[in-house]
Amino acid sequence: MTPDELPLVGPATGLAGLWFAEASWVTHAGGVGRQLANMLLETGDLLVDPDRMAPDRFASWSDQRVRETALAHYQGIYDAH
């Protein structure tokens with residue numbers, strides 16, 4: 001679970017050749033795969049602006065902020081009422 005509930009899709013910053021497709025729901029896996037393939041192969045139209053799912057989009061956040069925000073979303077989804 002990411003702090004914004006979106007997957008991590010795209011290249012790793014500073015490590016050429018490493019790409020991510022992480023934190024995706026099963027229902028979104030096809031779209032994530034298509035997005036990643038189009039980014040890797042530089043073909044087709046991207047489904048989403050790559051910046052919205054960039055793996056480094058939380059780089060300016062503290063570890064604590066990432067953890068607390070992601071955990072709050074996780075608990076909101078899986079908390080039994």
Side-chain angles (χ1 to χ4, degrees):
M1 178 69 61
T2 61
D4 60 6
E5 298 184 39
L6 293 174
L8 305 171
V9 181
T13 301
L15 194 53
L18 178 62
W19 288 70
F20 291 94
E22 297 285 335
S24 173
W25 296 91
V26 172
T27 54
H28 302 139
V32 167
R34 183 175 171 189
Q35 177 86 358
L36 183 63
N38 287 343
M39 291 173 72
L40 280 166
L41 301 173
E42 298 180 359
T43 60
D45 293 324
L46 297 178
L47 303 171
V48 178
D49 177 355
D51 290 339
R52 289 196 62 209
M53 296 189 292
D56 65 351
R57 67 185 181 272
F58 304 109
S60 66
W61 290 33
S62 70
D63 290 347
Q64 181 176 351
R65 182 179 176 200
V66 169
R67 184 174 34 258
E68 288 174 356
T69 306
L71 182 58
H73 287 294
Y74 179 86
Q75 289 172 332
I77 292 169
Y78 292 107
D79 193 15
H81 298 279

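Only this structure's heavy atoms are used, side chains among them; waters, hydrogens and symmetry mates stay out.
Under the side chain to side chain contact (heavy atoms under 4.5 Å, CB included) criterion, Ala21 pairs with Val32, Leu36, not counting sequence neighbours. Residues passing the side chain to side chain contact (heavy atoms under 4.5 Å, CB included) test with Asp49 are Asp51, Arg52, sequence neighbours excluded. Applying the side chain to side chain contact (heavy atoms under 4.5 Å, CB included) criterion to Ala12, with sequence neighbours excluded, gives Leu15, Leu18, Phe20. In this view, Arg34 satisfies the salt bridge (Lys or Arg N to Asp or Glu O under 4.0 Å) rule with no residue, not counting sequence neighbours. Legend: residues meeting side chain to side chain contact (heavy atoms under 4.5 Å, CB included) with Thr27, ordered by chain and number and at least two apart, are Trp25.
Residue pairs meeting the side-chain hydrogen bond (donor to acceptor under 3.5 Å, both in side chains) criterion with at least one member in residues 5-22, sequence neighbours excluded: Glu5-His73, Thr13-Asp56. Residue pairs meeting the side-chain hydrogen bond (donor to acceptor under 3.5 Å, both in side chains) criterion with at least one member in residues 35-48: none, sequence neighbours excluded.
Aromatic ring pairs are classed by plane angle as parallel below 30°, tilted from 30° to 60° and perpendicular above 60°; the pair Phe58 and Trp61 is perpendicular.
Within the model, atoms CZ of Arg57 and CG of Asp4 stand 4.0 Å from one another, a figure rounded to the nearest 0.5 Å.
Contact between Ala23 and Thr2 at its shortest, heavy atoms only, is CB-CG2, 3.8 Å.
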Review item, side-chain donor-acceptor pairs of residues 64-71, under 3.5 Å, at least two apart:
unit_1, atom_1, unit_2, atom_2, d
Gln64, NE2, Glu68, OE2, 2.7
Thr69, OG1, Arg65, O, 2.8

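Two residues are said to be in side-chain contact when any heavy atoms from C-beta on lie closer than 4.5 Å; Pro50 and Met39 meet this criterion.
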